[in-house]
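Here is the structure we will look at, set down as structure tokens.
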Amino acid sequence: MSAFGTVTHLVYVACATAFVIGLHLMNTPATARRGNQVSAGGMAVAIVTTLVVLVHDGGVDAYAAWALGIGAAGGAVAGLVAARVVRMTAMPQLVSLFNAVGGGAAALIALGHRPASTAAEVTGVLDVLIGAVTFSGSLIAAGKLAGRVPGRPLVVPYGRLASLILALSSITFAVLFVAFGGGTWALTGIAVAALIAGVLLTLPIGGADMPVVISLLNACTGTAVAMAGFVLESTPLIIAGALVGAAGAILTKLMADAMNRPIGAIIAGGYGTGDAVAVAAGGTQQVREVTVDDAAIQLAYAGKVVIVPGYGLAAAQAQHEAVALAQALTERGVEVSYAIHPVAGRMPGHMNVLLAEANAPYEQLQDLEESNPGFARTDVALVIGANDVTNPAARRPGNPVSGMPILDVDRARSVIVIKRSLGHGYAGIDNELYTDPRTAMLFADAKAGLAALLSGLHAYA
Amino acid sequence: MSAFGTVTHLVYVACATAFVIGLHLMNTPATARRGNQVSAGGMAVAIVTTLVVLVHDGGVDAYAAWALGIGAAGGAVAGLVAARVVRMTAMPQLVSLFNAVGGGAAALIALGHRPASTAAEVTGVLDVLIGAVTFSGSLIAAGKLAGRVPGRPLVVPYGRLASLILALSSITFAVLFVAFGGGTWALTGIAVAALIAGVLLTLPIGGADMPVVISLLNACTGTAVAMAGFVLESTPLIIAGALVGAAGAILTKLMADAMNRPIGAIIAGGYGTGDAVAVAAGGTQQVREVTVDDAAIQLAYAGKVVIVPGYGLAAAQAQHEAVALAQALTERGVEVSYAIHPVAGRMPGHMNVLLAEANAPYEQLQDLEESNPGFARTDVALVIGANDVTNPAARRPGNPVSGMPILDVDRARSVIVIKRSLGHGYAGIDNELYTDPRTAMLFADAKAGLAALLSGLHAYA
Amino acid sequence: MSALLLADLTVFTLALLVGFEVISKVPATLHTPLMSGANAIHGVVIVGVMLLAASVSSWTGYVLLAVAAFFAAMNVAGGYLVTDRMLAMFRSRS
Amino acid sequence: MSALLLADLTVFTLALLVGFEVISKVPATLHTPLMSGANAIHGVVIVGVMLLAASVSSWTGYVLLAVAAFFAAMNVAGGYLVTDRMLAMFRSRS
Amino acid sequence: MTIVGVLSETPGRERRVALTPDAVGRLRSRQVRVVIESGAGRRAWFGDADFEAAGAEVKTRAQVYEESDILLCVHPPDDVAALAGGRVLIGLLDPLSHPGRAAGLAAAGITALSLDLLPRTLSRAQAMDALTSQANVAGYKAALLAAEAYGGFFPMLVTAAGTSRPAQVLVLGAGVAGLQAIATARRLGALVTGYDVRAAAQADIASLGAGVLATLNDDRSQEDGYAAALTGDESDAQQRALQDAIPRFDVVITTAKVPGAQAPLLVTETAIEKMRPGSVVIDMAVGNVAGSVADTRLVTDGGVTVIGAPDLAATVPVAASTAYARNAVALLTHLMPDGVFTLEPADEVRAGVLVSHGGQVVHPRLPKEIRS
Amino acid sequence: MTIVGVLSETPGRERRVALTPDAVGRLRSRQVRVVIESGAGRRAWFGDADFEAAGAEVKTRAQVYEESDILLCVHPPDDVAALAGGRVLIGLLDPLSHPGRAAGLAAAGITALSLDLLPRTLSRAQAMDALTSQANVAGYKAALLAAEAYGGFFPMLVTAAGTSRPAQVLVLGAGVAGLQAIATARRLGALVTGYDVRAAAQADIASLGAGVLATLNDDRSQEDGYAAALTGDESDAQQRALQDAIPRFDVVITTAKVPGAQAPLLVTETAIEKMRPGSVVIDMAVGNVAGSVADTRLVTDGGVTVIGAPDLAATVPVAASTAYARNAVALLTHLMPDGVFTLEPADEVRAGVLVSHGGQVVHPRLPKEIRS
Ligand SMILES: NC(=O)c1ccc[n+]([C@@H]2O[C@H](COP(=O)([O-])OP(=O)(O)OC[C@H]3O[C@@H](n4cnc5c(N)ncnc54)[C@H](OP(=O)(O)O)[C@@H]3O)[C@@H](O)[C@H]2O)c1
Ligand SMILES: NC(=O)c1ccc[n+]([C@@H]2O[C@H](COP(=O)([O-])OP(=O)(O)OC[C@H]3O[C@@H](n4cnc5c(N)ncnc54)[C@H](OP(=O)(O)O)[C@@H]3O)[C@@H](O)[C@H]2O)c1
Ligand SMILES: NC(=O)c1ccc[n+]([C@@H]2O[C@H](COP(=O)([O-])OP(=O)(O)OC[C@H]3O[C@@H](n4cnc5c(N)ncnc54)[C@H](O)[C@@H]3O)[C@@H](O)[C@H]2O)c1
Ligand SMILES: NC(=O)c1ccc[n+]([C@@H]2O[C@H](COP(=O)([O-])OP(=O)(O)OC[C@H]3O[C@@H](n4cnc5c(N)ncnc54)[C@H](O)[C@@H]3O)[C@@H](O)[C@H]2O)c1
């Protein structure tokens with residue numbers, strides 16, 4: 001191979017290494033951003049190198065150059081603008097959109113390139129197939145998240161039959177293409193079948209499962225890109241594609257595990273509505289759940305945390321864990337206090353007895369009058385097994401807790417509630433706090449939940 | 001490439017994958033053994049495949065076959081016997097020995113193979129160089145650990161000058177070999193120079209640093225094997241060699257970090273005696289230190305643990321951490337009790353006051369008479385900031401603690417002592433327990449040390 | 001099978017292994033950013049599209065190229081930026 | 001540089017990356033077994049020695065081969081066994 | 001401006017006072033005048049000067065009777081006849097046990113409100129719940145008293161002079177007082193077991209880390225949060241079960257009450273006989289323990305100390321008075337929405353506490369006969 | 001066979017007994033006979049039957065005097081003259097404060113051993129250290145007594161009737177008693193601060209999680225583990241510093257002693273005057289607090305309760321007697337290596353406790369004059 005070829009190859013390998021290092025760094029919050037930058041740097045070098053290769057080899061005609069230039073410029077601008085203006089909450093669907101176009105581009109490569117070998121033909125078929133499924137599937141997924149496509153599982157009539165037909169026709173086209181020199185039209189046939197299949201596969205999956213599905217489609221795009229790499233005999237595409245394929249697969253598993261949903265069931269789309277995680281409270285309202293790790297990170301990066309203990313802390317005898325968590329947060333520089341409601345628990349001073357046993361510093365204990373003004377400045381109110389004493393319904397007349405002063409946790413910037421279920425407290429009524437958009441529920445026994453939070457804190461922050 | 005070649009190549013890649021999976025599984029105690037078996041399985045397949053290749057290609061003459069067969073059989077028997085009979089404590093030097101012969105074998109490959117290309121020549125030089133250094137270096141390291149070579153840093157007169165000369169001559173030989181067709185004699189020259197260099201580099205390093213050095217040499221052997229792979233154009237050697245090279249490098253860093261010793265300083269051999277970790281107690285005796293992670297694993301896999309609290313627990317106010325650890329162990333199924341000496345601490349019942357505050361279950365608290373008979377059945381006695389009450393000197397007359405009944409922790413199968421230093425207790429005398437070979441010291445403030453143990457327990461067990 | 005293809009397959013396998021190994025136990029908070037970061041990396045498809053430019057010469061080819069370039073560039077540029085925005089919230093404490 | 005050599009280099013690089021990534025945060029207790037396990041893996045040099053057998057034809061060559069075979073076999077056989085013995089202590093609790 | 005008056009409490013052992021200087025300040029800020037008898041707070045360590053500094057006017061007893069629109073007390077004063085008709089009397093009047101007293105007040109034309117009739121399960125009334133606040137103080141003191149009367153250590157202590165095992169403490173009745181007694185005894189290091197006939201109370205015991213004594217009885221909770229009285233048979237079965245359990249305890253504290261009824265007998269003579277010498281039994285309900293006498297420390301022939309302690313809150317006068325005064329102020333604030341005392345609208349709280357008004361006994365839980 | 005005798009203790013408030021049934025059993029297993037006066041253990045809840053069951057012989061007082069080779073006591077009996085010459089008397093004889101008593105015993109030909117002279121820093125003597133065991137009991141009781149005498153809660157409690165702040169407790173002198181008082185008060189939830197002139201004691205205070213009061217004084221430790229007496233100037237400076245600190249505490253417990261000297265005055269009259277009404281001061285050393293009287297509860301004009309409590313161990317008779325008896329048995333075991341009492345070899349322990357022998361006062365710390 002020429003010296004130029006050797007050098008570009010080595011540069012590409014270096015770029016791939018940068019992708020790996022980037023992903024490695026993205027495993028921890030502290031270095032994640034730098035990791036993305038390393039990865040982006042590698043990407044920039046790869047693009048520049050390819051430009052140099054194109055110029056050096058001189059095989060691009062003017063039309064192609066214009067097409068490439070205008071297309072790329074347009075795409076880059078579109079991507080940057082979309083990424084810049086998108087709201088935080090809409091990011092997942094944007095990622096899905098980017099994933100879609102990535103898969104589309106991979107599929108187009110196989111469509112546009114004349115295969116040089118049987119291997120290139122086979123990988124080309126795979127590229128088109130996977131790329132096209134990903135393209136349409138990701139678009140549907142993005143649509144579901146954005147609310148353009150209904151989030152609930154859409155049952156397509158005769159969906160299974162249609163899928164079967166699509167699969168058979170894809171195989172037929174593939175055989176035609178590889179074995180009988182079917183050419184572009186056969187590939188196009190595959191693409192069309194795959195596009196339809198992508199839609200059919202994604203529609204029956206519920207909105208709550210979309211993050212997992214997007215991650216899976218992301219892994220697919222990686223694989224498609226790797227296949228495109230085989231078609232073009234381009235090492236960076238093979239490496240980066242395989243890397244994303246595998247990393248995406250692991251990530252999909254992790255995400256599904258974190259949501260406690262079997263991947264198989266998600267793909268089958270038959271697993272209930274896929275919305276079981278959003279438990280209904282008081283009828284129509286939905287509550288938001290949070291994982292232990294997320295709660296731990298939220299606490300770790302907060303400036304001021306107020307712990308609100310209630311009867312559940314006592315029932316779980318979780319006082320030692322609560323104080324250990326508070327202490328760990330304090331050591332991180334978080335301002336921590338306990339807000340003690342006059343009737344929290346089941347006897348006067350119940351919380352004091354427990355917290356004193358666990359050696360919570362008296363300076364950190366605040367009663368209702370002392371703590372309520374502070375909630376507006378609080379980043380996280382951590383409610384541990386308290387219920388009635390935080391129920392905003394008390395501010396309205398006409399219910400069992402009316403007129404009782406409450407801790408104004410709902411004035412905090414965010415609220416994390418640890419309890420085992422949406423079960424009632426002493427007063428026996430629903431708590432409106434749990435359906436507040438700022439509230440996230442951590443369903444766990446207080447003792448176990450706090451212990452998990454503490455190890456989460458040690459692990460990730 | 002022929003179908004046969006394709007298949008063998010793919011099998012080799014599969015074997016390499018098995019090595020990776022094996023190492024992956026070896027990251028956690030629970031799956032480590034299975035990991036080694038997966039790796040061994042991959043190795044067996046690789047060897048069988050190579051046999052098939054040799055037979056298929058038919059290029060081995062009878063003498064070579066005999067040489068290979070007898071050599072391999074002898075080596076295998078020697079290795080298996082040595083591995084079977086070695087005492088637990090002598091395992092590190094055996095690993096070093098195995099590493100030495102591995103490096104030697106890699107070097108011999110380059111010596112015995114006629115290079116097919118410049119690249120093969122360059123990698124051959126590297127192979128011989130690294131392999132030979134590893135061979136002699138590992139032998140010295142093994143000798144140091146086994147006590148055949150003095151463990152203390154041996155300063156070689158004019159060592160630096162000698163190293164310089166060796167380096168220069170290696171370079172000369174290398175240039176002669178690659179650029180001027182120097183042939184086997186040039187390579188042999190490199191080998192000789194490298195063998196001497198290996199000895200010179202290892203001798204000045206202290207015995208306590210040997211584990212790190214062996215790990216480093218292990219990484220070097222991996223690299224040498226990868227170079228041999230380039231010489232022979234053998235993919236499995238390249239992959240497995242590089243894998244071990246990189247994994248070994250990371251491992252070396254982790255080990256050096258765990259021992260709190262900069263790698264650079266270790267290699268330079270100039271960093272004190274390299275024996276600073278073995279702090280002298282009472283003159284000539286040495287104490288053994290243990291890391292938090294090891295202590296955590298030891299506790300996690302114990303059947304019966306007895307916690308012996310002392311004044312240090314009180315001074316550090318570490319009672320909550322101690323009880324949390326005991327609780328975590330109990331939950332794992334470990335039998336845990338506290339042995340409370342009548343005069344532990346500084347006031348009657350000092351330990352009771354603290355442990356009751358932290359809610360240690362009364363059933364787990366045992367006094368001297370109850371706990372002493374149990375130590376013989378105890379896997380780990382965890383001594384937390386206790387000193388005098390465990391001092392075996394009390395059993396002898398003539399010192400300040402003579403005649404005081406003590407807790408017989410030295411009857412336990414192993415002892416872990418958490419305290420900040422080898423500092424004295426109330427009685428102001430050295431504690432012979434600390435130099436007992438069954439005792440390992442965890443130097444830390446009791447509160448911090450116990451918290452670290454607890455997270456170690458969560459992380460690794 | 002050609003030796004080069006075999007080598008590519010080896011590379012593919014190893015890259016898969018790297019991919020599996022590089023994602024270790026990650027906090028759930030990082031799942032989405034990591035997915036987004038990986039998504040940006042397969043934007044490397046832009047390199048493929050550029051190489052494709054050397055082999056198109058028909059009008060359909062040009063159009064297809066332009067579309068592919070648009071797609072790929074959008075993936076890579078937007079992907080990195082959006083990931084960066086997600087990660088900005090993990091700025092280390094002062 | 002030949003395309004195959006380049007491919008080998010790529011493979012080498014990726015194998016290095018796998019090696020770096022596969023060792024994550026390991027407890028110190030496992031350092032020695034892991035080192036020993038890695039040591040056994042480079043026993044793959046036995047494959048190299050076997051391949052070498054096809055290219056020796058002199059007496060020095062045979063001796064060298066026998067020695068190399070002895071070395072490599074010792075490395076691989078002993079390496080796996082000693083690692084296994086080390087790891088036997090992590091038998092899971094009944 | 002409404003005038004609230006406070007007298008020195010008359011009964012012998014009573015050391016509490018119905019308002020504290022802090023509470024006076026709270027009333028003053030609501031435009032209420034406070035007149036207080038000189039020396040009223042002395043036995044609870046509140047001096048006249050403190051009251052004056054808080055804005056109260058210190059007067060003679062006669063003046064207080066004379067000037068008060070509302071008279072606040074802990075227990076109703078013996079000379080309550082000095083209070084003119086039409087005035088308001090608020091305190092722990094205990095009309096259920098003393099219906100005659102209620103009739104008398106009604107006859108004198110006094111509007112009497114009794115804090116012990118407050119609906120206990122009403123969330124918004126918790127700040128006025130004097131029974132709770134006083135029982136809380138009493139439970140705390142009961143544990144201290146037990147520790148003080150017991151001849152050994154409560155905690156476990158391993159010392160050079162031997163190991164002392166923790167005291168075994170049993171608390172019968174886990175209402176407010178029982179729970180606080182459990183908590184306090186546990187703080188001192190005793191091994192504490194609790195017992196109650198209400199299922200919820202058993203969970204409450206466990207939530208303090210104490211053991212729960214299992215019994216034969218089903219849940220005896222009532223709507224109003226109180227326990228229902230047991231039938232004769234049930235009660236016998238309970239006594240037999242406790243008889244077996246009690247002897248292994250060193251200290252027994254009883255708090256079991258049934259409102260408006262005789263406190264149930266839980267610790268029989270046989271049970272006491274089987275206890276070890278040196279054991280201590282504290283009967284806070286006076287009636288739970290056979291042979292216990294209020295405010296008296298008896299030692300049985302078997303060496304068991306039996307203490308009848310119905311009024312322990314009075315022996316922690318600062319804490320008890322402070323809490324009581326806060327309860328009283330909360331009730332007053334509720335009754336005087338615009339600074340003027342009113343019984344309208346007739347909400348649950350007002351209806352709950354009102355004993356007599358307009359010359360009539362009006363509370364539905366009082367016997368029909370006296371409600372004329 | 002050696003016979004060990006035990007009498008009923010004479011002094012009025014004393015409820016302890018020198019041996020318990022458990023200790024009798026230990027002596028019996030060493031082939032020692034025990035004779036005990038009938039009713040000796042009654043006030044500590046140990047009955048004659050228990051003693052007999054353990055192997056002791058219950059006799060009359062005269063018989064015990066008659067038969068004992070070794071007489072064990074807590075305090076020396078008033079009628080000690082009944083003990084014949086040549087016998088051995090072991091107890092807390094306090095010869096340093098009562099040199100006359102020592103001289104009397106010597107004159108009567110009694111071999112007297114005093115447990116309070118035991119070398120305290122000797123590790124192997126810890127099991128015999130009765131001063132420690134009794135101070136430990138006393139410290140525990142002091143905290144209970146303080147909690148009982150205080151009008152408020154020790155712990156912090158947030159309740160519907162308001163928040164009560166934790167009591168602020170100051171313990172002066174952090175020896176054995178002081179540390180146990182600190183631990184017990186902390187258990188009850190008080191905010192505790194400790195104070196001592198020995199540097200080691202300050203670390204000990206912190207090791208219980210309590211605060212340490214910083215003072216002007218240097219470390220005043222001595223070789224024997226005791227504190228040295230302060231000079232007049234030092235003492236004045238200390239009093240002034242404490243005067244400023246004391247008023248912010250609700251409860252002060254003092255335990256500061258200097259062996260063989262007057263207990264130092266730590267809480268002056270001025271300090272008491274500045275304390276809030278309702279505060280409690282407990283003087284365990286009797287002498288640390290201006291105006292404190294032993295076994296008496298005084299209330300100052302400022303409403304401060306001052307309790308002189310020199311002998312609190314006696315009020316927890318079971319725990320105190322059990323520990324004391326264990327100490328005594330440990331000493332006896334040491335003195336009777338082969339079942340026979342001997343003063344040879346003259347080791348540190350024997351030399352430390354021996355007050356009189358062979359008609360002479362022999363202890364070096366007793367004044368020369370009486371050592372004739
Ligand atoms: N303080 C007093 O003197 C007193 C006396 C009597 C009554 N009350 C009343 O009691 C109530 C006190 O309010 P609160 O907020 O403290 O308690 P709460 O309203 O009774 O709520 C307690 C919550 O703790 C949760 N919980 C129970 N066990 C748990 C465990 N093991 N781990 C985690 N969570 C657990 C329960 O939800 P899950 O089942 O979903 O886990 C429950 O909703 C007030 O209504 C008050 O009026 C107070
Ligand atoms: N119980 C009583 O009534 C009483 C009263 C007076 C005296 N004593 C005497 O006190 C002694 C008690 O024995 P012991 O074994 O409990 O204690 P010790 O012999 O006094 O030893 C305590 C040890 O704790 C360590 N330490 C101190 N601070 C620490 C921290 N923050 N973290 C971890 N370790 C810490 C110290 O070693 P480093 O400095 O190396 O950390 C010290 O060696 C006996 O000699 C007894 O006779 C007892
Ligand atoms: N809503 C609130 O915030 C609040 C506040 C305080 C108290 N309360 C409730 O008020 C109720 C009464 O509390 P209290 O302390 O005044 O009760 P109480 O004084 O009437 O009785 C004390 C305890 O004795 C128990 N008891 C009665 N008969 C018994 C028997 N035969 N054997 C064993 N135990 C027996 C009762 O169940 C009760 O727990 C409780 O339900 C309590 O939860 C509610
Ligand atoms: N070796 C052992 O195991 C052991 C066991 C128990 C006690 N001891 C030691 O015995 C010694 C005496 O203990 P004790 O409780 O009998 O002491 P103590 O009764 O003589 O005095 C009580 C405390 O008062 C302090 N004190 C004296 N003068 C003071 C002043 N002016 N201001 C403030 N504080 C003052 C002393 O330092 C002491 O801590 C201590 O050192 C203790 O550690 C040792």
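Values in this document were obtained by computation on a predicted structure and should not be read as measured data. Chain A is the first sequence line, chain B the second, and so forth, proteins listed ahead of strands; every chain is numbered from 1.
- Of the possible polar contacts, one joining the D:Arg85 side chain to the B:Val86 backbone as a donor-acceptor pair under 3.5 Å is found.
- For B:Thr291, the part lying under 4.5 angstrom from a heavy atom of chain D is the side chain only.
- When all heavy atoms are compared, the tightest approach of D:Ala53 to B:Ala64 is O-CB, 3.6 Å.
- Contacts between B:Ala40 and chain D at a heavy-atom distance below 4.5 Å involve backbone atoms as well as side-chain atoms.
- Using a 4.5 Å cut-off between heavy atoms, B:Leu94 touches chain D through its side chain atoms alone.
- Partners of B:Pro211 by side-chain contact (heavy atoms from CB on, under 4.5 Å), not counting sequence neighbours, listed by chain and number: B:Met255.
- Side chain of B:Asn36 to backbone of D:Tyr80: a donor-acceptor contact under 3.5 angstrom is found.
- Of all residues spanning residues 110-118 of chain B, those with a heavy atom less than 4.5 Å away from chain D's heavy atoms are B:Leu111, B:Gly112, B:His113, arranged by number.
- Applying the side-chain contact (heavy atoms from CB on, under 4.5 Å) rule to D:Val63 yields the partners D:Val67; only residues at least two apart in sequence or on another chain are considered.
- Residues B:Phe98 and D:His42 form no side-chain contact, since every pair of their non-hydrogen atoms from C-beta on lies 4.5 Å or further apart.
- Of the possible donor and acceptor atoms, none in the side chain of B:Asn218 sits under 3.5 Å from a partner among the backbone N and O of D:Ser36.
- Under a 3.5 Å cut-off, the side chain of D:Tyr62 and the backbone N or O of B:Trp66 do not form any donor-acceptor pair.
- Interface remark: D:Leu16 contributes backbone and side-chain atoms alike to the contact with chain B (heavy atom separation under 4.5 Å).
- Heavy-atom distances place both the backbone and the side chain of B:Ile214 under 4.5 Å from chain D.
- Residue B:Ala249 touches chain D through its side chain alone, counting heavy-atom pairs closer than 4.5 Å.
- Looking at D:Val76, the atoms closer than 4.5 Å to chain B (heavy atoms on both sides) all sit in the side chain, from C-beta outward.
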Side-chain donor-acceptor pairs of residues 45-54 of chain B under 3.5 Å, sequence neighbours excluded:
| residue | atom | partner | partner atom | Å |
| --- | --- | --- | --- | --- |
| B:Thr49 | OG1 | B:Val45 | O | 2.6 |
| B:Thr50 | OG1 | B:Tyr12 | OH | 2.8 |
| B:Thr50 | OG1 | B:Ala46 | O | 2.6 |

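- Going from atom OG1 of D:Thr83 over to atom CD of B:Gln37 covers 11.0 Å, rounded to the nearest 0.5 Å.
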